[in-house]
Amino acid sequence: MKLPNQFYRPLAIGAPAPFREPPVKVERMIHFVPPHLEKFRAKVPDIAKQVDVVLGNLEDAIPADAKEAARAGFIEMAKAVDFGSTGLWTRMNSLNSPWALDDMIEVVGAVGNKLDVVMLPKVEGPWDIAYLDQLLAQLEAKNGVTRPIMIHAILETAEGVKNVDAIAAASPRMHGISLGPADLAASRAMKTTRVGGGHPEYKVIADAEGEAPRATFQQDLWHYTIAKMVDACASAGIKAFYGPFGDFSDAAACESQFRNAFLLGCAGAWSLHPTQIDIAKRVFSPDPKEVAFAKRVLEAMPDGTGAVMIDGRMQDDATWKQCKVVVDLAKQVAAKDADFAKIYGL
Ligand code: GLV
Ligand code: MG
């Protein structure tokens with residue numbers, strides 16, 4: 001194991017020092033763009049104004065014969081567009097693929113100073129992060145990149161879930177982790193063909209009472225994994241994200257899945273379709289009523305200690321901390337998004 005005093009050293013001579021604290025950013029949606037398609041690239045300057053993160057996808061959903069065009073398209077789009085405060089990420093191909101090495105050599109070589117985060121798919125353990133960490137340091141040094149590029153892991157193999165604590169703490173370059181429900185379902189031999197969301201057969205059934213029809217309640221297939229991922233991320237000081245929701249025709253189910261993830265501690269989700277941008281914005285910005293209540297609690301307990309009653313509900317040091325989570329997030333959202341600043345009165 002690396003000793004603590006080595007943890008923050010750059011891994012290559014000339015590479016920038018890793019962040020001690022990850023930059024504070026509102027990242028409610030990571031919006032996926034297929035960069036090999038000119039039609040989608042042309043929309044990026046507009047989309048970049050609406051979303052928190054634009055991600056150029058090089059991995060799954062890009063056909064094998066378009067991998068190089070996607071990489072070139074991403075570089076072109078990264079150079080051409082002014083992203084302002086919107087994050088610019090790429091999802092590289094997995095480390096065992098024929099494209100991973102060239103993805104990093106070419107993208108960091110061409111636009112390393114504009115790239116915020118590399119999303120690494122199919123992470124199995126901390127060894128995958130260590131490899132990319134070292135490679136990025138070498139490429140940063142070679143290409144004069146001045147700001148460290150962060151790594152975001154996708155949790156989408158059974159082995160990755162088993163090792164999620166070690167993955168989250170593997171490097172100061174870690175930005176966060178997203179759930180990848182499609183690959184994870186396949187890796188675990190779960191019997192769902194959906195990309196995220198529930199399944200009508202994953203349910204509990206009420207006890208039989210005579211001849212009366214028995215109520216059933218659908219359960220959340222992803223609850224255990226999201227909770228495990230959130231604990232791993234929060235304890236390492238990084239962020240957890242819900243990943244993709246594949247049924248674009250079911251906005252209600254998407255919103256419900258995103259909201260469950262938000263309530264459990266996730267910071268954002270992927271948007272694969274423009275309709276999911278507003279859903280994510282709504283869900284991952286705290287509820288104005290919760291914000292108003294949380295502000296009252298903080299005002300009633302200025303030093304965060306003791307106990308007070310507000311609207312018949314007991315508040316103490318612990319609820320003060322809960323309220324601070326909500327108000328701090330509302331302040332971050334308000335600083336980025338004028339509509340929410342007005343709604344929250346911040
Ligand atoms: C995302 O990459 C997934 O596999 O769900
Ligand atoms: Mg996947």
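When a ligand or atom number is given, it counts from 1 through the structure's own listing order.
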query = With a distance cut-off below 6.0 Å to the six-membered ring centre and an angular limit of 45° from the axis, does R91 pair with F32 as a cation-pi contact?
reply = no
ask   = Between P181 and ligand 1, does any nitrogen or oxygen pair lie at a separation below 3.5 Å?
value = yes
task = Using a 4.0 Å heavy-atom cut-off, say whether R91 meets ligand 1 through its side chain, its backbone, both or neither.
result = side chain
task = With the Mg ion (ligand 2) as the reference point, give the N/O/S atom of E156 that is nearest.
result = OE1
inquiry  = Between E59 and the Mg ion (ligand 2), is there a contact where an N/O/S atom of the residue lies under 2.8 Å from the metal?
reply    = no
message = Distance under 4.0 Å to a non-hydrogen atom of D183: what atoms of ligand 1 satisfy this?
response = 3 (C), 4 (O), 5 (O)
inquiry  = Checking salt bridge (charged side-chain N to carboxylate O under 4.0 Å, His left out) between D52 and each of K281, K336, K239, which is the one that passes?
reply    = K336
query = Do other residues, nucleotides or ligands put more than 12 heavy atoms under 6.0 Å from the NZ atom of K142?
reply = no
request  = Output, in order, the C-alpha distance, side-chain angles, deciding distance and verdict of side-chain contact (heavy atoms from CB on, under 4.5 Å) for M104 and M92.
outcome  = CA-CA 8 Å; M104 286 301 94; M92 68 182 292; 3.7 Å; yes
task = Taking the side chain as every heavy atom from C-beta outward, state whether L264 and Y242 have any pair of such atoms under 4.5 Å apart.
result = no
message = Between H175 and F241 (judged by ring centroids, cut-off 6.0 Å), do the two rings come close enough to count as a pair?
response = yes
key: Where S94 and N96 come nearest, the two heavy atoms and their spacing   = OG-OD1, 2.9 Å
task = Give the name of the N/O/S atom in D183 that lies closest to the Mg ion (ligand 2).
result = OD2
inquiry  = Distance under 4.0 Å to a non-hydrogen atom of W270: what atoms of ligand 1 satisfy this?
reply    = 1 (C), 2 (O)
query = Counting each atom of ligand 1 from 1 as listed, which ones have a heavy atom of A182 under 4.0 Å away?
reply = 3 (C), 4 (O), 5 (O)
note = From the list W270, F340, F262, ring pair (Phe, Tyr, Trp, His ring centres under 6.0 Å) partner of F284 resolves to F262
inquiry  = Does the residue E59 have a heavy-atom contact with ligand 1, meaning some pair of atoms that are separated by less than 4.0 Å?
reply    = no
request  = Distance to 0.1 Å, residue and atom name: give those for the protein heavy atom nearest to atom 1 (C) of ligand 1.
outcome  = E156 OE1, 3.5 Å
request  = Report yes or no: does P244 have a heavy atom closer than 4.0 Å to ligand 1?
outcome  = yes
